[in-house]
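See below for the structure under consideration.
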Number of protein chains: 2
Amino acid sequence: MRAQPGRSVTSKVLALLDAFSPASPALSLSELARRAELPLPTAYRRVAELVRWGALERGDDGRYRIGLRLWEVGSLAPRGLGLRELALPIMEDLYEVTHENVQLAVRQDLELVFIERIAGRHAVPVLTRVGGRFALHATGVGLVLLAYAPAEVQEQVLAAPLERYTELTVTDPVRLRRRLAEVRRVGYAVSDRQVTMDALSVAAPIRAPEGVVAAISLVVAHDRADPVALAPLVQAAGRVLSRALGTSYRQAPGRVPLRSRHETQ
Amino acid sequence: MRAQPGRSVTSKVLALLDAFSPASPALSLSELARRAELPLPTAYRRVAELVRWGALERGDDGRYRIGLRLWEVGSLAPRGLGLRELALPIMEDLYEVTHENVQLAVRQDLELVFIERIAGRHAVPVLTRVGGRFALHATGVGLVLLAYAPAEVQEQVLAAPLERYTELTVTDPVRLRRRLAEVRRVGYAVSDRQVTMDALSVAAPIRAPEGVVAAISLVVAHDRADPVALAPLVQAAGRVLSRALGTSYRQAPGRVPLRSRHETQ
DNA sequence: ACCGGAGCTTTCATTGGATGAAAGCTCCGG
DNA sequence: CCGGAGCTTTCATCCAATGAAAGCTCCGGT
């Protein structure tokens, strides 16, 4: 009856949630059990409890999906909806001026997560999805987030193989390191045909008191792009957001550190 | 050592997540334990595990917040982001035409949850929040969702005391029942100063093969509103969305029920 | 109608992860 | 230096969780 020791109940529940992905948002019980590496009866019981609470929902087809209740709780994430609510007006301004795609992303571990996107009807199609992940080394937002990430994060990304998306993608750690230094120097990042051969993006950092917490970018067709002209726009948006964050984002309750800025190496 | 019997580990984890709310998105360990009704050491251990996974994050102030990882998983909810992605273009069209607030909501149990909102800069201020809940009996979207809800849901709502928000709020079950019949008859709902004395909303149902799954509305200043003129607009948006849902929303994989429509009493 | 298989649900004896009292630790203000 | 608040760790105990096995339900093939 060995219950594979070292596995907590909580970790099993989380593994069940983790089984879902953008590519497979609906799973049968058997699929769930297999992906979470749980015996069927165990999966059955945990899943039943999650459904009862509303974390999962069961469709007419018998398959399970992420439930609205979990979406509600997730919407309380400061780095998710919280950030989005703050940024949306500025993103809309940027869209009004340029009518190009506007993206907002944060770093999570060694990848980036897209928090919001305004996709112009006539702009270049972008293949990103809100809530989706992407590598840090190619996109504009990714370069910004990586450039201002803790040294240890940068080292880990540079040490791993860097995936190539186009013939122009920078996959050489040495060259990438130079690009990151450049990003820090000028305060914005340009990603020219690094992900697809038709798109170019310009990104700027968004700073909170504790360092760079997000990045905002414009994605435009590479042949009608003028990065130097776009950069000030994106940077301005980033600065407005940084100011907004400084005040309302993560209100240190009671004790406000007046001059601690021990981050962003 | 009595471990209050009948309480599963999973339920404790969910209770911890449930402790967060729009009004208190950041909690100390003690607050978390108290709200989840757990002994401190128990809360400590479960919370530590949730942080390790990324479901919670601990701020510089020592308090816990909902983590980005949970937001990511939540974004996979078909009735959350899934619905939003589908509806956003149509909502934007509605906004372009009217420059008024556009809202999208679904029913969860006996309340409604706002999925998305486009708030016009110059439109009436609305006090709703994406991810927030509200009663079903007052707003436009609420009336639509209630009108097309299963009879048993309607009975439960009508049986409970109906909160009054303004002097005009309909709180009499008999009158409300008549209004719901009217909504079903004409196919849209008008909520005139039911929540605040300055706003009026017009809402229409969004149907999937299995019945009404969401509602869309315009919220306008009550004194410059012409419900009869707005209704066709909102209804058209609802119908476009219903059509979109019929095809791409909940793709029954493999076996598509060709003519089952056994819902929506 | 019958059979076989896939997928889900329930039962039941067993046990290891979970538990909470208590003690230890850390920080801060007086 | 002391006291208190809040968090973390230890440790002996035990019940929620477990998985093998059997039961159930729905199909599709024959």
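Since the structure is predicted, the reported quantities are computational estimates derived from the model, not experimental observations. Protein chains get the first letters and strands the later ones, always in sequence-line order, with residue 1 at the start of each.
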Whole-Å distance between [N] [atom2] and [X] [atom1]?
X	N	atom1	atom2	answer
A:Arg46	C:dA18	CZ	P	11 Å
A:Glu37	D:dG19	CD	P	13 Å
B:Leu38	C:dG20	CG	P	8 Å
B:Arg34	C:dG20	CZ	P	18 Å
B:Glu49	C:dT19	CD	P	10 Å
A:Arg45	D:dT18	CZ	P	7 Å

Are any of the side-chain nitrogens in B:Glu49 or B:Arg46 under 4.0 Å away from the carboxylate oxygens of its partner?
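The answer is yes: the pair qualifies as a salt bridge.
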Less than 4.0 angstrom from a charged side-chain N to a carboxylate O is my criterion; do A:Glu72 and B:Arg133 meet it?
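Answer for the salt bridge query: yes.
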For A:Asp109, what residues pass the side chain to side chain contact (heavy atoms under 4.5 Å, CB included) criterion, not counting sequence neighbours?
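With sequence neighbours excluded, A:Asp109 shows a side chain to side chain contact (heavy atoms under 4.5 Å, CB included) to no residue whatsoever.
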Among residues at least two apart in sequence or on other chains, which ones pass side chain to side chain contact (heavy atoms under 4.5 Å, CB included) with A:Pro41?
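If we apply the side chain to side chain contact (heavy atoms under 4.5 Å, CB included) test to A:Pro41, skipping adjacent residues, the hits are A:Pro39, A:Arg45.
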Atom CG of B:Leu27 and atom CG of B:Leu32: how far apart are they, to the nearest 0.5 Å?
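Here the interatomic distance stands at 5.0 Å.
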Roughly how far apart are B:Glu85 CD and B:Ile115 CD1, rounded to 0.5 Å?
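One gets 12.0 Å once the value is rounded to the nearest 0.5 Å.
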Atom pairs, protein N/O to nucleotides 21-23 of chain D N/O, distance under 3.5 Å:
none

Would you say A:Glu116's side chain and A:Val130's backbone share a donor-acceptor pair under 3.5 angstrom?
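Side chain of A:Glu116 to backbone of A:Val130: no pair is present.
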B:Gln103 (side chain) donor-acceptor with B:Phe114 (main chain) under 3.5 angstrom:
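Checking the backbone N and O of B:Phe114 against the side chain of B:Gln103, no donor-acceptor pair under 3.5 Å is found.
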Show each protein N/O and nucleotides 5-7 of chain D N/O combination with a separation under 3.5 Å, one pair to a line.
{"unit_1": "D:dC7", "atom_1": "OP1", "unit_2": "B:Leu29", "atom_2": "N", "d": "3.4"}
{"unit_1": "D:dC7", "atom_1": "OP2", "unit_2": "B:Ser30", "atom_2": "N", "d": "3.0"}
{"unit_1": "D:dC7", "atom_1": "OP2", "unit_2": "B:Ser30", "atom_2": "OG", "d": "2.1"}

For D:dA16, does either OP1 or OP2 sit under 4.0 Å from a side-chain N or O belonging to B:Ser8?
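False: B:Ser8 side-chain N/O out of range (4.0 Å or more) of D:dA16 OP1/OP2.
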Compare side-chain N and O positions of A:Lys12 against OP1 and OP2 of D:dA17 and report whether any pair is under 4.0 Å apart.
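So the side chain of A:Lys12 is outside the cut-off, no N or O lying under 4.0 Å from OP1 or OP2 of D:dA17.
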Does the structure place the NZ or CZ of B:Arg79 under 6.0 Å from the centre of the six-membered ring of A:Trp71, at an angle of no more than 45° from the ring's axis?
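No cation-pi geometry.
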Indicate yes or no: at least one non-hydrogen side-chain atom of B:Leu56 is less than 4.5 angstrom from one of B:Leu16.
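Heavy-atom side-chain distance check fails, nothing below 4.5 Å.
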Sequence-distant partners of B:Phe134, ring pair (Phe, Tyr, Trp, His ring centres under 6.0 Å), two or more places apart:
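Residues passing ring pair (Phe, Tyr, Trp, His ring centres under 6.0 Å) with B:Phe134: B:Tyr165.
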Bend angle of the helix from C:dA1-D:dT30 to C:dG30-D:dC1, from helix axes over five pairs at each end, nearest 10°
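It works out to 40° between the end axes.
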